[in-house]
Every structure is written in C-alpha cells, then in structure tokens.
Trainee: 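The structure is given below, and queries will be raised subsequently.
Atoms considered below: every heavy atom in the structure, side chains included; atoms not considered: hydrogens, waters and symmetry mates.
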Amino acid sequence: MESQMLKLTLRSAAIAATAAAVSISLAACGSSGPASSAGNADSATMWGLTGGNQPVLQKSIDAWNKAHPDETVKLDFFANDAYKTKVRTAVGAGQGPTFIYGWGGGVLKSYVDAGQVADLSDFVTSNPDVKNRYLPSVLKNGVIGGKTYALPNNNVQPVVLYYNKEVFDKIGAQAPKTWDELMALVPKFKAAGIAPFSLGGQSKWPDLMWLEYLVERIGGPDVFANIAANKPGAWSDPAVKEALSKIQNLVDAGGFANGFSSIAADSNADQALLYTGKAAMILQGGWIYQSMKKDAADFVKNGKLGYVTFPAVSGGKGDPANVVGNPSNFWSISSKATDTQKKAALDYVKSGMFTDADTQSLIDSGAVPVTTGIESKLAASPDKDFLSYVYGMAKNAPSFTLSWDQALSPAQGDAMLANLDQIFLKKISPDQFVSTMNATIGK
C-alpha cells in the first residue's frame, strides 16, 4: 500500500489550527457494560469500544499479556456513547486510562490544551519502525501544533451507502447515483411495504452522516472547513440550509423507517432492518460491514449486500468522489499515567500493535488496516470486493472530511447533534438550526 494512494484532505478544527489533526466518528453507542481482561495494580489501563474491532483488540492484548507478564495491560470495553461520556469525565479529572481511545480533532485538541495527553513526538522519531508502519497521511492525523499526541490503531472507515440487492431487484431498481434518483426511490419502496432507509435515530450520531454528505455534495469541503476554523457566521453558508431542507424533505416523504427516532445503533438494530429486508438502504460507516459479516453471514457471503458512495446533488459544487468518515481511530497516552504504565504502553505501541497476526485479524474481520504493504493480504481476503471498494474510496478521494462531531470542540459537537436530532424530528427549522449553531462558533 503506497502512502500516496491515500490522499486525505482532512478538514477539522484542529487542522485549521495546526494543519494536521483529524478525527473520526465511530459506530455503536449506548449503555456500557465493560468486559475486561486480567491485570494488576501496576498494569497499564486501556478502554476500548465494543463492536467490530473488539475481538481483534482483545486478542492482541491477550497475546501481549501472555508474552509480557511484567508489562500487562488491563482492557475494558464500553459502548460508544457511554465511553465518550466516561472518558471525557475521567480525562478531565486527570483520571483517564493509560491508553485513551480517541478520534483526534477538536476533542484531542481539548486534551492537549489541558495537558492530559503525552507528547509522543520523541517516541515516534526514535522508533522509525513505528512511524513507517503507517500510511503517512493517516499518521499526521494525530498531530497537534506540530507534535504527535495520538497514533492510529485500527482501520480506515469512510461512510458508505449500503443497500439490499434483493429488495432492489424486487422493485426493479438500481442504486441511486443522484439525489433526485434517491428521492424517486422512496415512494417505490414504500409502495412495496419496505422502508427506504434505516436510521438509528435514537443514537443521534447516525443523523450526522446525512448532513455531512449533503453539505459536502452541495457546497464542497470548504463549507465545513470554514465552520471548523470558527469563522463567524460559517453555519450560514447556503449549502447548510439546503442540506437541512433536503433532510426534512426526505423525512416528509417517509424516507426513514417508522419509529427511526427510537432505533438504537448500539444494538445494531439499524443494520438488522437492512439485512432482513425491512429497509432497502442505510447510510452508515465502513465499520458496520464487520458487524453484518458476523450477524448476517449468509446475507454478506451470498452477495446480497450492495454498497455505493453517496449520491451527487444536481448543481452541487462538491466532487462526487469526496468522502466523509474516519481515517482511523487513535491511541493517546495519558500524561497522568505512572512511569511504569507509560513504559508498558509505549512498549505495546512499539511491538504489540499491528503484528502480522493483528493485521490479518483486522482484514479477516472485514476491515482495511491503516498500515503499509498489505495489498496482497487484502487481495487474498474473501471480503476483497468490499475491502478494495473501501480502500478505493479512501485513496481516490480528493477530500476526506472527518466526522464533524469529533472535528469540532466537544461543546459544539454536542450542540450540533442535539439540534440535528430536532431537525429530523421536524421540531425546528433549518433557519433555527443555523442560528443556534452560529452561536456556538468559537466555543
């Protein structure tokens, strides 16, 4: 895998300030119920997310602990939203885990500004094998102010429009290439008793993917770049209002499954509607392929799952090849950890991460690792079609805009998700959303 093949134009608040930091938004959210690995009082601590990469990380830590009994890592897992709340509180109190699982962007910058995460620049410089394992364009995403504070830890995850080929065949339709084609499919699927789109609205962050792509297609990446740069009135860009209006038009047309606002993404209920044929499409991250591969193996293996990029919008300024999503997830190391914990953490980062076994496990799970030299492994995978598609989306994207809720400051991101939920529920107008969000600029 050549570094130049993954050209990510990363747009975020951190990038605007430092020309480097990026973030991601992940799948799954909801209640916590941590499963943990063994450890002792001197162990480094690690909090990870439940979901597609959970078995891969658990296997990696188990292998590390077995081989390094004097440098063990205690691993606990949490659902996404529960984790985000827990880790912000813990880090803010100087009591975060040794390994802080993150998304970069505005949230990482807030940790850096508070002195809660360690500067890893010297570590990266003195360990060229670590630096060279990553695609350079992805590695830069953990950089704030010219210093490295986070290192990629898993796979590239653009947001994809998935569809059920069987229900499309049932009504004689093709995957939409334009917004007009997408809207024209809505009444056809409704007439067939099939929800056009599944949506985990209870979780709120799945709503964001619609706004991100519509703003991108209508106005291009500079619209969010200006928002991320905290330019006064940036939310007033006409592309934002048009995108919000299109979302509400889709809601009015009955584009989403009945009761979408009570469907949770943490239980994969949104995915289930797709592979059981109750919904025709779902706009979700590249990460849900891993879950469907596990939960709906026959559906995936038998070629019933289709996937395309988000449709173009007529007259839009955005390149249809542009994508939004996650360049990777990251590990930061807590500056409050003990010296023993920090040493164990850095030793794991150096020689315990992205081993041949770990990399193969990621690929076997249906993911594209953010490491170099894996072309032959991807080609040998039974999931090579999807993996190659995702890899192609990323490498060919003129712009890869990171998920907004992580690119922005925590306060802005929270306000955006809360108000976008109100847009989908038709409780506020696009103008009200824009006015509310303009008031968060700089906060």
Trainee: Does Glu181 CD have over 12 foreign heavy atoms under 6.0 Å away?
Mentor: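 Buried by this count: over 12 neighbours within 6.0 Å.
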Trainee: For Ala82, does its backbone N or O pair with a side-chain atom of Thr85 as donor and acceptor, under 3.5 Å?
Mentor: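 Checking the backbone N and O of Ala82 against the side chain of Thr85, no donor-acceptor pair under 3.5 Å is found.
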Trainee: Return the minimal non-hydrogen interatomic distance between Trp205 and Leu417, and the atom names on each side.
Mentor: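 That closest heavy-atom pairing would be CA-CD2, 3.9 Å.
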Trainee: Would you check if Val434 and Asp431 make a side-chain contact, meaning some heavy-atom pair closer than 4.5 Å?
Mentor: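 The answer is no, as the side chains (C-beta and beyond) never meet within the 4.5 Å cut-off.
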Trainee: So, Ser365 versus Gln290: side-chain donor-acceptor pair below 3.5 Å or not?
Mentor: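 Distance-only check passes for Ser365 and Gln290.
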Trainee: Short question: side chain of Ser381, backbone of Lys377 - any donor-acceptor pair under 3.5 Å?
Mentor: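 Checking the backbone N and O of Lys377 against the side chain of Ser381, no donor-acceptor pair under 3.5 Å is found.
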Trainee: Walk me through it: do Phe400 and Val138 pass the test side-chain contact (heavy atoms from CB on, under 4.5 Å)?
Mentor: CA-CA 11 Å; Phe400 190 143; Val138 177; over 6 Å; no
Trainee: Quick one: closest heavy-atom pair of Ile263 and Ala257, and the distance?
Mentor: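 Shortest heavy-atom contact: CD1-CB, 4.3 Å.
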Trainee: Would you say the side chains of Asn80 and Lys84 form a donor-acceptor pair under 3.5 Å?
Mentor: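 A donor-acceptor contact under 3.5 Å links the two side chains.
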Trainee: Contact between Asn326 and Ser403 at the side-chain level, heavy atoms closer than 4.5 Å - yes or no?
Mentor: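 Yes, close enough: below the 4.5 Å cut-off.
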Trainee: So, the side chain of Arg133 versus the backbone of Thr355: is there a donor-acceptor pair under 3.5 Å, distance only?
Mentor: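 Flag not set: sc Arg133 to bb Thr355 has no pair under 3.5 Å.
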Trainee: Taking all heavy atoms of Pro176 and all of Leu161, pick out the closest pair and write down the distance.
Mentor: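 Of all heavy-atom pairs spanning Pro176 and Leu161, the closest is CG-CD2, 4.1 Å.
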Trainee: Could you go through Phe99 and Tyr348, starting from their C-alpha distance and side-chain angles, then the distance that decides it, and tell me whether this counts as ring-ring contact (aromatic ring centres under 6.0 Å, His included)?
Mentor: CA-CA 10 Å; Phe99 288 88; Tyr348 171 75; 5.7 Å; yes
Trainee: Keeping Asn132 on the side-chain end and Pro128 on the backbone end, is there a donor-acceptor pair under 3.5 Å?
Mentor: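 Yes; judged by distance alone, with no hydrogens or angles, the pair exists.
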Trainee: Please identify each residue that fulfils ring-ring contact (aromatic ring centres under 6.0 Å, His included) with Tyr289, with sequence neighbours left out.
Mentor: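 Tyr289 satisfies ring-ring contact (aromatic ring centres under 6.0 Å, His included) with Phe386 only.
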Trainee: Give, for atom CD1 of Ile194 and atom NZ of Lys188, the distance between the pair rounded to the nearest 0.5 Å.
Mentor: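 Output value for this atom pair is 13.0 Å.
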Trainee: With side-chain contact (heavy atoms from CB on, under 4.5 Å) as the criterion, how do Thr401 and Asn322 come out once you've worked through the C-alpha distance, each side chain's angles and the decisive distance to 0.1 Å?
Mentor: CA-CA 8 Å; Thr401 298; Asn322 289 344; over 6 Å; no
Trainee: Kindly indicate whether the side chain of Ile423, heavy atoms from C-beta on, has any atom under 4.5 Å from the side chain of Gln248.
Mentor: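 With C-beta onward as the side chain, the pair touches.
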Trainee: Would you say the side chain of Met416 lies within less than 4.5 Å of the side chain of Trp404, judging by non-hydrogen atoms?
Mentor: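 Trp404 vs Met416: side chains touch.
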Trainee: Any idea which heavy atoms bring Pro158 and Val390 closest together, and the distance?
Mentor: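 Of all heavy-atom pairs spanning Pro158 and Val390, the closest is CD-CG1, 3.5 Å.
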Trainee: Going by atom types alone, do Gln271 and Asp295 pair a side-chain donor with an acceptor below 3.5 Å?
Mentor: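 On atom types as modelled, these side chains do not qualify, holding no pair under 3.5 Å.
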Trainee: Counting distance only, does the side-chain N/O of Thr436 pair as donor-acceptor with the main-chain N or O of Gln432 below 3.5 Å?
Mentor: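 Indeed, once roles are kept as given, a pair shorter than 3.5 Å links the two residues.
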Trainee: Work out which heavy atom in Ser361 is nearest to a heavy atom in Lys59; give both atom names and the distance.
Mentor: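 Heavy atoms of Ser361 and Lys59 come nearest at OG-NZ, 3.3 Å.
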Trainee: Report yes if some heavy atom in the side chain of Met209 is under 4.5 Å from a heavy atom in the side chain of Val324; otherwise report no.
Mentor: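 SC-SC contact between Met209 and Val324 ruled out.
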Trainee: Is a side-chain N or O of Asn230 found less than 3.5 angstrom from the main chain of Ile441, in a donor-acceptor match?
Mentor: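 Not confirmed, Asn230 side chain does not pair with Ile441 backbone.
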Trainee: Rounded to the nearest 0.5 Å, how far does CZ of Phe433 lie from CG of Asn438?
Mentor: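 So the gap between those two atoms works out to 10.0 Å.
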Trainee: Mind checking what makes side-chain contact (heavy atoms from CB on, under 4.5 Å) contact with Ser332, not counting sequence neighbours?
Mentor: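 Per chain and number, Ser332 pairs via side-chain contact (heavy atoms from CB on, under 4.5 Å) with Ile100, Leu108, Val117, Ala150.
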Trainee: Name the residue from Leu214, Val160, Val159 that meets the side-chain contact (heavy atoms from CB on, under 4.5 Å) definition with Phe310.
Mentor: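 When side-chain contact (heavy atoms from CB on, under 4.5 Å) is applied between Phe310 and each of Leu214, Val160, Val159, only Leu214 qualifies.
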Trainee: Which heavy atom of Pro430 sits nearest a heavy atom of Lys241, and at what distance?
Mentor: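 It is CB-CG, 3.9 Å.
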Trainee: For Gln406 and Gly105, indicate whether the former's side chain and the latter's backbone hold a donor-acceptor pair under 3.5 Å.
Mentor: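 No, the answer is negative, given that no donor and acceptor are paired below the 3.5 Å cut-off.
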Trainee: Check step by step if side-chain contact (heavy atoms from CB on, under 4.5 Å) holds for Ile227 and Lys231.
Mentor: CA-CA 6 Å; Ile227 292 170; Lys231 291 188 177 180; over 6 Å; no
Trainee: Return the set of residues passing ring-ring contact (aromatic ring centres under 6.0 Å, His included) with Phe168 (not counting sequence neighbours), or none when no residue passes.
Mentor: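 Expected list: Tyr163, Phe189.
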Trainee: Say whether Asn154 and Asn329, considering side chains only, have a donor N or O and an acceptor N or O under 3.5 Å apart.
Mentor: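 Looking only at side-chain atoms, Asn329 and Asn154 do form a donor-acceptor pair, the distance falling under 3.5 Å.
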Trainee: Quiz question: by atom type and distance under 3.5 Å, do the side chains of Gln360 and Asp356 form a donor-acceptor pair?
Mentor: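 Asp356 and Gln360 do not have a side-chain donor-acceptor pair below 3.5 Å.
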Trainee: Please round to the nearest 0.5 Å and tell me the distance separating atom OG1 of Thr372 and atom CZ of Phe354.
Mentor: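 It is 10.5 Å, given to the nearest 0.5 Å.
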Trainee: Regarding Asp113 and Lys109, does a basic nitrogen lie under 4.0 Å from an acidic carboxylate oxygen?
Mentor: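 Yes, this pair counts.
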Trainee: If the threshold is 4.0 Å, N to carboxylate O, is there a salt bridge linking Asp252 and Lys426?
Mentor: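 Judged by the 4.0 Å cut-off on N to carboxylate O distance, Asp252 and Lys426 do form a salt bridge.
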Trainee: Within a strict 4.5 Å, meaning less than it, do heavy atoms of the Leu274 and Met292 side chains meet?
Mentor: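 The answer is yes; the side chains approach within 4.5 Å.
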Trainee: Between Ser198 and Asp270, does the side chain to side chain donor-acceptor pair (under 3.5 Å) criterion hold? Intermediate values first, please.
Mentor: CA-CA 6 Å; Ser198 179; Asp270 54 346; 5.5 Å; no
Trainee: Under 3.5 Å, is there a donor on one side chain and an acceptor on the other for Asp237 and Asn226?
Mentor: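 Looking only at side-chain atoms, Asn226 and Asp237 do not form any donor-acceptor pair under 3.5 Å.
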Trainee: Would Trp47 and Phe77 count as a ring-ring contact (aromatic ring centres under 6.0 Å, His included) here? Give the steps.
Mentor: CA-CA 6 Å; Trp47 294 352; Phe77 288 101; over 10 Å; no
Trainee: Would Tyr111 and Val87 count as a side-chain contact (heavy atoms from CB on, under 4.5 Å) if you check the C-alpha gap in whole Å, the side-chain angles of each, and the deciding distance to 0.1 Å?
Mentor: CA-CA 11 Å; Tyr111 294 162; Val87 76; 3.7 Å; yes
Trainee: Determine the interplanar angle of the Tyr101 and Tyr83 rings, folded into 0 to 90°, and report it as parallel if under 30°, tilted if 30 to 60°, perpendicular if over 60°.
Mentor: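 Aromatic pair Tyr101/Tyr83 classed perpendicular.
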Trainee: Below 4.5 Å, heavy atoms only, C-beta onward: do Asp119 and Tyr149 meet side chain to side chain?
Mentor: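 Yes. Closest side-chain heavy atoms under 4.5 Å.
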Trainee: What is the distance from atom CD of Glu166 to atom OH of Tyr275, rounded to the nearest 0.5 Å?
Mentor: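 Between Glu166 CD and Tyr275 OH, I get 14.5 Å after rounding to 0.5 Å.
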Trainee: Find the distance between CG (Leu211) and CG (Asn419) and round it off to the nearest 0.5 Å.
Mentor: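 These two atoms lie 11.5 Å from each other.
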Trainee: Got a salt bridge between Arg88 and Asp414, using NZ or NE/NH1/NH2 to carboxylate O under 4.0 Å?
Mentor: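 Salt bridge: yes.
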Trainee: Evaluate the side-chain proximity of Thr359 to Leu362: yes if any heavy-atom separation is below 4.5 Å, no if none is.
Mentor: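 No - every pair of side-chain heavy atoms lies 4.5 Å or more apart.
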Trainee: Among Leu244, Ile247, Val215, which one satisfies side-chain contact (heavy atoms from CB on, under 4.5 Å) with Trp210?
Mentor: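 Exactly one candidate clears the test, Ile247.
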Trainee: Would Asp81 and Ser203 count as having a side-chain donor-acceptor pair, cut-off 3.5 Å?
Mentor: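 Side-chain D/A pair, Asp81 to Ser203: absent.
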Trainee: Nearest 0.5 Å, what's the CD-CD distance between Gln157 and Gln284?
Mentor: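 CD of Gln284 is found 11.0 Å from CD of Gln157.
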Trainee: Is it true that a side-chain atom of Asn127 and a backbone atom of Asp129 form a donor plus acceptor pair closer than 3.5 Å?
Mentor: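 The answer is no, because no donor-acceptor pair under 3.5 Å joins these two groups.
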